[in-house]
There are 2 protein chains.
Amino acid sequence: MRTDTVYKKAFNRAANMLRDGQLAGELPSENELRRRMCVSRTTVRKVLRELVHRELVTECNGHRSTGRPVGDNDYYPDAETTPRAKHVEQQFMEWMLRGDTRPGTSINELELARQFGVATNGIREFLIRFSRFGLIEKRPNTGWLFKGFTEDFALELFEIRVMFELRSAQLFSLQPDSSPLWSKLAALKMAHTDLLERIEGRFHDFSGLDNRFHRLINEASQNRFIDDFYDIITFIFHYHYQWNKHDEKQRNLAAIHEHIAYIGALESRNSTRIEVACRAHLASARETLMRSLTAFDESSINA
Amino acid sequence: MRTDTVYKKAFNRAANMLRDGQLAGELPSENELRRRMCVSRTTVRKVLRELVHRELVTECNGHRSTGRPVGDNDYYPDAETTPRAKHVEQQFMEWMLRGDTRPGTSINELELARQFGVATNGIREFLIRFSRFGLIEKRPNTGWLFKGFTEDFALELFEIRVMFELRSAQLFSLQPDSSPLWSKLAALKMAHTDLLERIEGRFHDFSGLDNRFHRLINEASQNRFIDDFYDIITFIFHYHYQWNKHDEKQRNLAAIHEHIAYIGALESRNSTRIEVACRAHLASARETLMRSLTAFDESSINA
DNA sequence: AAGTTGTTTTTTATGGATAAAGTTCATGCT
DNA sequence: AGCATGAACTTTATCCATAAAAAACAACTT
C-alpha cells in the first residue's frame with residue numbers, strides 16, 4: 001500500500017506552524033494552507049480532520065481556530081514521514097558504502113528487496129535512477145554489477161567536475177554588473193566569513209554552504225547537463241561524508257579559505273586568477289575524497 | 001507475464017545458423033550453443049526442443065543433427081523478438097518526436113500505459129531511465145513534465161559535446177604510437193574513403209560509421225561520464241534522424257569529408273589542427289540538428 | 001465573480017503474483 | 001576428472017491491484 005508520508009509530513013509541519021504561532025487565532029482557508037504547505041487540498045483536509053480530532057484545532061460552525069497547545073508527542077516520528085523510495089536510497093547507500101561490498105559484486109534485486117523490506121519494484125526503480133551515477137551497470141536478464149566506489153571513480157568524477165566548473169566560473173566572471181549572480185555571490189562571501197568566526201561549533205554547516213556556492217557558479221552556464229552532473233556530486237558527497245567524518249573540521253576550515261580566495265578571484269574578473277583558484281580548490285577537494293577513499297578501503301579490509 | 005522474446009530471438013538466430021550452414025551435420029553441445037548465442041542453457045534447450053518439434057533438427061538416441069531445410073516462415077516475426085521495454089521506448093519516442101507534443105506538456109503514466117498497452121510500471125521505468133536525457137523532469141506525486149526537444153536543448157547538448165570531444169581528441173593525439181587506437185583510426189579512415197566511393201547507394205551506412213568514429217575518439221579519455229554522455233547523443237540522433245531524413249545524402253557526404261579532415265588532423269598530432277577540425281565538424285553537426293529542429297517545429301505547427 | 005468547502009474522479013506510489021530466463025545441483029557417461 | 005544432459009531452484013520482466021494523493025467537478029456563500 002502506498003505510504004501516507006505526505007500526509008504525516010504535512011501534519012508535522014502544520015503542528016509546527018501552530019506551535020510557533022504562525023497559525024494563531026482563526027486558521028486560513030484550505031486553499032491558503034495548501035499553498036503554504038505545498039500539498040494538495042485533499043491532504044490539507046486530512047490534516048485538518050486529524051487536527052480537529054486531536055483538539056489541536058477547534059471547529060465551530062464552519063470556523064476553525066487554534067485549540068490546545070501542541071505537545072511533543074503530537075508529532076509523527078520522522079521515519080514515517082519519509083517515502084519508501086527515500087528509505088531504499090538510504091539503505092542502499094549504506095549497504096554499498098559501509099558494508100564490505102567489493103567492486104565486481106553483483107546486485108540481486110530480490111535479495112535487496114527482502115533485506116530492505118520492500119517490493120522488488122522499488123529496488124529496481126532505485127537502481128535505474130542510481131545507474132546514472134556510474135557506480136552500477138545493468139546486465140539485461142541477469143542483474144546489476146557493482147563497479148565499486150573506487151579511486152578511478154573519483155578521478156573520472158573530478159575530471160568532469162573540473163572541466164565544467166572552469167567553464168562556469170569563466171562565464172560567471174563575464175556576467176554584467178547588473179546580474180543578480182553578483183549579489184548572491186556577495187551574500188555567500190559574507191556567509192563564509194561569518195562561518196569562519198563561529199567555526200568551532202558550526203563546522204557542520206559548511207556542507208550546505210559548499211553546495212550553495214558551487215550551484216551558484218554553475219548557474220552561470222545555464223546548462224541542464226552541468227546541473228544534473230552536480231546532482232551526482234551532491235549525492236555522492238552527501239552520503240560519503242555522512243559516514244566519513246574524519247578530520248571534518250580541519251577539512252572544512254581549509255575549504256572555507258579556498259572558497260574565499262575563489263570568490264575574490266571571481267570578483268576580480270581576472271581569468272587567470274579564477275582558473276588558479278578554481279583548480280586549487282577542486283584539486284584539494286579531490287585529494288580529500290581520494291584520501292578518505294583509501295582510508296575507507298583499508299578500514300573495510302580490516303573490518 | 002514476462003515476454004519470451006529472448007527465446008524467440010535465440011530461435012531465429014539458431015534458424016539462421018542452420019540455414020547458412022554454421023550448424024551443418026551434428027550439432028554442438030548445449031553448452032557450446034549457449035556460448036555462441038549468449039543466452040542461458042535453459043533457453044538453448046527450449047530452442048532445441050522447438051527445433052526438434054518442427055523437425056528442423058532431428059534427434060536420435062541422444063544425438064542431434066540438422067533436419068529439414070529452414071523455410072522463411074519458420075521465423076518468429078520481428079516484433080515478437082523485442083522486449084516490452086524496448087517497445088515502450090520506441091512508442092514513447094514516436095509520441096514525443098512525431099506527435100504534436102509541445103514543451104510544457106505533462107506526461108501521464110496511466111495514459112501512456114493505456115495508449116501503449118503496457119502496465120504503468122513499464123512506463124515509469126522507462127521514464128526514469130529517460131530522464132537522464134534532460135528532456136523530462138519528475139515532479140513527485142504529480143507526474144512528469146516534458147521540457148521539449150527544443151533549440152535550447154540542442155545548444156546545451158552540443159556545449160557539453162564539444163567540451164568532451166575536444167578533450168578526448170587532444171588525449172587521443174597524445175597516445176603512444178603503439179596504442180591500438182591508431183590502427184583502429186586507420187581502419188576507420190579506410191571505411192570512410194570506401195563509403196565515399198559507394199555513397200550513392202550506401203549513404204545510410206554513415207550513421208553507424210559516425211557512431212564508431214566518435215566512440216573511438218572518446219575511448220581516449222577513458223571516462224565513464226563521457227561515455228554515458230555519448231549514449232545520450234547516440235540515442236537522440238538515432239530516433240531523431242529516423243524520422244527526419246531530409247537531405248540525408250547531402251548531410252552525410254559533408255560529414256564524411258569533415259571526418260576525413262578530422263582524422264588527418266588527429267594523425268598529424270598537431271593540437272591546433274585538431275581543435276580546428278573537431279570544432280568545425282561539431283559546429284556543422286549542430287547546425288544540421290538545429291536546422292532540422294526548426295523545420296520540425298514548423299511541420300508540427302502546420303500538421 | 002471569486003473564493004469556500006464538499007464530492008467524485010484520476011493518477012501515483014507501492015505491494016504482490018507469475019511465466020520466462022538464468023543459475024545451481026545432481027546424475028550419468030566417457 | 002571432465003564434460004553432457006536432466007531437474008530443481010532463483011531471479012528478472014511483466015502485469016495487476018489498491019490506498020494515498022492530486023485534480024477536477026459541483027454546490028454554496030459572501
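So that the names make sense, note that chain A is the first sequence line, chain B the second, and so on, each numbered from 1. Values below: every heavy atom of this structure, side chains too, minus hydrogens, waters and symmetry copies. On a predicted model such as this, the values are computed, not experimentally measured, just so you know.
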*Under 4.0 Å: is that the gap between some side-chain N or O of B:Ser40 and OP1 or OP2 of C:dG22?*
yes

*asked:* Heavy-atom nearest nucleotide on DNA chain C for B:Leu110 versus A:Glu59: which residue maps closer to 5'?
replied: A:Glu59

*Would one find a side-chain N or O of A:Ser29 under 4.0 angstrom from OP1 or OP2 of C:dG3?*
no

_Between D:dA20 and A:Arg2, counting only base atoms on the nucleotide and side-chain atoms on the residue, is there a donor-acceptor pair under 3.5 Å?_
yes

*Does the distance from a Lys or Arg side-chain N to an Asp or Glu carboxylate O, for A:Lys46 and A:Glu50, drop under 4.0 Å?*
no

*Can you check the A:Phe126 CZ to C:dG15 P distance for me, whole Å?*
15 Å

*What does A:Thr5 touch in the nucleic acid at a heavy-atom separation under 4.0 angstrom: a base, only the sugar-phosphate, or nothing?*
sugar-phosphate

*Gap between atom CG of A:Asp74 and atom CG of A:Asp72 - 0.5 Å precision*: 8.5 Å

*Send over the distance from A:Asp4 CG to D:dA22 P, rounded to a whole Å.*
12 Å

*asked:* Classify the ring geometry of B:Phe149 against B:His240: parallel below 30°, tilted from 30° to 60°, perpendicular beyond 60°.
replied: tilted

*A:Arg64 side chain N/O closer than 4.0 Å to the phosphate oxygens (OP1, OP2) of C:dT5?*
yes

*Select from A:Trp144 and B:Arg41 the residue whose nearest nucleotide in DNA chain D is closer to the 5' end of that strand.*
B:Arg41

*Protein-nucleotide distance (B:Arg49, atom CZ; D:dA7, atom C1'), rounded to Å*: 12 Å

*Hey, which sits more toward the 5' end of DNA chain C by its nearest nucleotide, B:Asn141 or B:Met1?*
B:Asn141

*Where the side chain of A:Lys46 is concerned, which of D:dA21, C:dT14, D:dC16 is the nearest nucleotide?*
D:dA21

*Charged N to carboxylate O below 4.0 Å: is that the case for A:Lys86 and A:Glu89?*
yes

*asked:* Please classify the nucleic acid contact of A:Asn121 as base, sugar-phosphate, or nothing, using heavy-atom distances under 4.0 Å.
replied: base

*Salt-bridge test for A:Arg64 and A:Glu26: reply yes if a basic N is under 4.0 Å from a carboxylate O, no otherwise.*
no

*Pick the nucleotide of DNA chain D nearest each of B:Thr142 and B:Arg45; which residue has the one closer to the 5' end?*
B:Arg45

*How many Å lie between CD on A:Glu50 and C1' on D:dA20, as a whole number?*
15 Å

*Does B:Arg114 place a side-chain N or O at less than 4.0 Å from the phosphate oxygens OP1/OP2 of C:dT11?*
yes

*asked:* If I take atom NZ in residue B:Lys9 and atom P in nucleotide C:dA21, what distance separates them, rounded to the nearest angstrom?
replied: 12 Å

*Measure from CD on B:Glu80 to P on C:dA20 and round the result to the nearest Å.*
13 Å

_Rounded distance (Å) that lies between atom C1' of C:dG22 and atom CZ of B:Arg34_ = 10 Å

*Does A:Arg84 put a side-chain nitrogen or oxygen below 4.0 Å from OP1 or OP2 of C:dG15?*
yes

*How long is the line joining CD of A:Glu125 and C1' of C:dT14, in whole Å?*
9 Å

*Over 60° means perpendicular and under 30° means parallel, so classify the ring planes of A:Phe126 and A:Phe130, tilted if in between.*
parallel

*Select base, sugar-phosphate, or nothing to describe what A:Gly143 touches, counting heavy atoms under 4.0 Å on all strands.*
sugar-phosphate

*Does OP1 or OP2 of D:dT12 have a side-chain N or O of A:Asn108 closer than 4.0 Å?*
yes

*With respect to the phosphate group of C:dA13, does any side-chain polar atom (N or O) of B:Lys138 fall under 4.0 Å of OP1 or OP2?*
yes

*Confirm from the modelled atom types if B:Thr42 and C:dG22 form a donor-acceptor pair under 3.5 Å, side chain to base only.*
yes

*Closest nucleotide among D:dA22, D:dT5, C:dG15 to the B:Asn31 side chain*: D:dT5

